[in-house]
2 protein chains.
Amino acid sequence: MSDMQSGENLLFLTDEQLRQGIEAMFFAYRGFTADPDRILATMAYGRAHHRAIHFIARSPGTTVNNLLGILGVTKQSLNRVLRTLIADGLVESRVGSSDKRERHLHLTEEGAALERKLSDAQRARMRAAYRAAGPEAVAGFRQVLEAMMDPEMRRKYHAIREAES
Amino acid sequence: MSDMQSGENLLFLTDEQLRQGIEAMFFAYRGFTADPDRILATMAYGRAHHRAIHFIARSPGTTVNNLLGILGVTKQSLNRVLRTLIADGLVESRVGSSDKRERHLHLTEEGAALERKLSDAQRARMRAAYRAAGPEAVAGFRQVLEAMMDPEMRRKYHAIREAES
DNA sequence: ACATTACGTCAGCTTTGTTGACATTCCAAG
DNA sequence: CTTGGAATGTCAACAAAGCTGACGTAATGT
């Protein structure tokens with residue numbers, strides 16, 4: 001641990017280092033979405049559909065409102081996406097049993113199949129990157145990403161795992 | 001269907017860990033763009049303008065074609081953005097001296113001022129995240145991001161620094 | 001009873017990406 | 001010196017995915 005930086009050797013905080021980090025995020029995010037994008041381009045779907053499918057798969061039975069909070073878009077925008085997914089039989093919308101105003105969202109078999117296809121592609125790249133960098137790098141990666149989130153998003157990021165018991 | 005975890009304990013490569021990494025990328029990227037987006041929203045500009053301004057600032061005199069390769073969009077899409085930036089006096093387009101077909105792009109004083117404003121905001125968040133995570137985490141962060149890029153993008157990512165002599 | 005919440009939908013607009021077609025300018029090779 | 005191809009720009013049309021605003025309905029909570 002070389003971070004006894006009372007001597008102020010904060011080389012990793014120079015503007016140049018920060019700029020490189022910014023550019024790394026930009027280029028890496030392109031890679032991050034490239035594989036699912038290629039698959040989606042062959043269908044009538046886009047990145048917005050992928051995001052919806054991902055989080056429905058992750059939290060089956062989630063409500064529309066909850067999904068809105070996670071995705072950070074308007075209900076009109078999400079509704080357009082959900083409507084096509086429901087019409088195409090990839091997502092099922094069930095009226096809530098306790099609160100009948102809510103719609104609980106689930107993937108159908110077909111929806112789960114697409115989710116798996118997209119997820120497999122994205123995880124394969126992630127796995128390759130993790131393997132190349134090693135476990136300690138991965139731990140650092142996760143730490144920095146988490147510190148970069150808005151507090152509310154960080155809360156939601158953790159909430160997803162707490163919910164799945 | 002897991003890998004045979006031969007010698008090492010490859011816990012960091014489980015599907016659950018990979019999913020968490022995917023979600024961390026998603027939420028962190030939102031934070032990453034949030035501050036510049038807020039600034040841009042007050043003007044008639046968007047994220048596309050920010051990207052153009054960033055890379056012109058980084059490589060002054062870069063050509064349109066080079067910028068196209070970095071940004072990964074069509075020339076029509078980039079041209080629309082550049083046209084407004086040039087019309088608004090933030091970017092200057094100079095005909096190449098050796099090859100007069102090329103246009104070399106530079107920021108004007110006004111353009112550089114906006115770049116600084118956007119960059120300051122984005123670097124502030126980056127700096128806070130780096131400081132919170134520490135230098136070793138930052139090293140890991142950079143390693144994983146780089147491993148995540150497409151090879152061609154990785155090449156361009158490095159080329160930017162080589163070019164600035 | 002009444003206000004609020006959750007959801008859906010219609011209409012219209014913006015940004016940012018895409019194709020395709022075509023003109024101009026200019027370097028370089030035949 | 002002509003001509004092919006590269007680099008750039010522009011027009012038109014379109015699509016994905018975000019936005020605001022307005023309105024309706026059903027269920028819930030006070």
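Computed from a predicted model, the values in this text were never measured in an experiment. Within every chain, numbering begins at 1; the chains are lettered A, B, ... in the order of the sequence lines, protein sequences first and strands thereafter.
Ring planes of A/Tyr29 and B/Tyr29: parallel class, angle under 30° (limits at 30 and 60°).
Contact between the side-chain N/O atoms of A/Asn65 and the OP1/OP2 oxygens of C/dC7 is found at a separation under 4.0 Å. Checking the phosphate oxygens (OP1, OP2) of C/dT15, no side-chain nitrogen or oxygen of B/Arg51 falls inside 4.0 Å. Within the structure, a side-chain polar atom (N or O) of A/Thr74 is placed less than 4.0 Å from OP1 or OP2 of D/dC19. Contact annotation: B/His49 does not reach the phosphate of C/dT15 (side-chain N/O to OP1 or OP2, under 4.0 Å).
Side-chain N or O atoms of B/Arg125 include one that pairs as donor or acceptor with a backbone N or O of A/Met148 at under 3.5 Å. The main-chain N or O of B/Gln17 is found under 3.5 Å from a side-chain atom of B/Thr14 such that the two form a donor-acceptor pair. Side-chain N or O atoms of A/Lys156 include one that pairs as donor or acceptor with a backbone N or O of A/Gly69 at under 3.5 Å.
In this structure, A/Ile86 places its CD1 atom 12 Å from P of C/dC7, rounding to the nearest Å. When the C1' atom of C/dT9 is taken as reference, atom CG of A/Leu82 falls 13 Å away, rounded to whole Å. Distance NE2 (A/His50) to P (D/dG18): 14 Å, rounded to an integer number of Å. What separates CZ of A/Arg83 from P of D/dA16 is a distance of 14 Å, to the nearest Å. Protein atom OH of A/Tyr45 is 11 Å distant from nucleotide atom P of D/dA17, rounded to whole Å. With rounding to whole Å, B/Arg38 atom CZ is found 17 Å from D/dG18 atom C1'. Atom P of nucleotide C/dT16 and atom CG of A/Asp37 are separated by 18 Å, given to the nearest angstrom. Computed from coordinates, the A/Asn79 CG to D/dG24 P distance equals 18 Å when rounded to whole Å.
By the 6.0 Å and 45° rule, A/Arg161 stacks over the aromatic ring of A/Tyr157.
Within 4.0 Å of A/His104, counting heavy atoms only, lies no atom of the nucleic acid at all. The residue B/Arg80 sits close to a base: some heavy atom pair falls under 4.0 Å. Note on A/Gly72: only backbone sugar-phosphate atoms sit closer than 4.0 angstrom, heavy atoms only; bases stay farther off.
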Item to check | Contact letters for nucleotides 24-30 of chain C, in which S counts primed atoms plus P, OP1 and OP2 and B counts the base, heavy atoms under 4.0 Å | outcome: -BBS---
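Linking Ile, Leu, Val, Met, Phe, Trp and Tyr whenever their side-chain heavy atoms come within less than 4.5 Å puts A/Met43 and A/Ile53 in one cluster.
Toward the 5′ end of DNA chain C lies the nearest nucleotide of A/Glu102, the other residue of the pair A/Gln76 and A/Glu102 mapping further downstream. With DNA chain D read from its 5' end, the first of the two nearest nucleotides for B/Leu68 and A/Gly46 is the one closest to B/Leu68.
In this structure, A/Leu78 and A/Leu67 approach most closely via the heavy-atom pair CD2-CB, 4.1 Å.
In the set D/dA22, D/dT8, C/dT16, D/dA22 carries the atom at the smallest distance from any side-chain atom of A/Lys75. Minimum atom distance to the side chain of B/Ala48 is reached by C/dG17, of the listed D/dC19, C/dG17, D/dT10.
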Item to check | CA sep, side-chain torsions, deciding dist, call: B/Thr63, B/Arg103, side-chain contact (heavy atoms from CB on, under 4.5 Å) | outcome: CA-CA 5 Å; B/Thr63 64; B/Arg103 306 299 146 94; over 6 Å; no
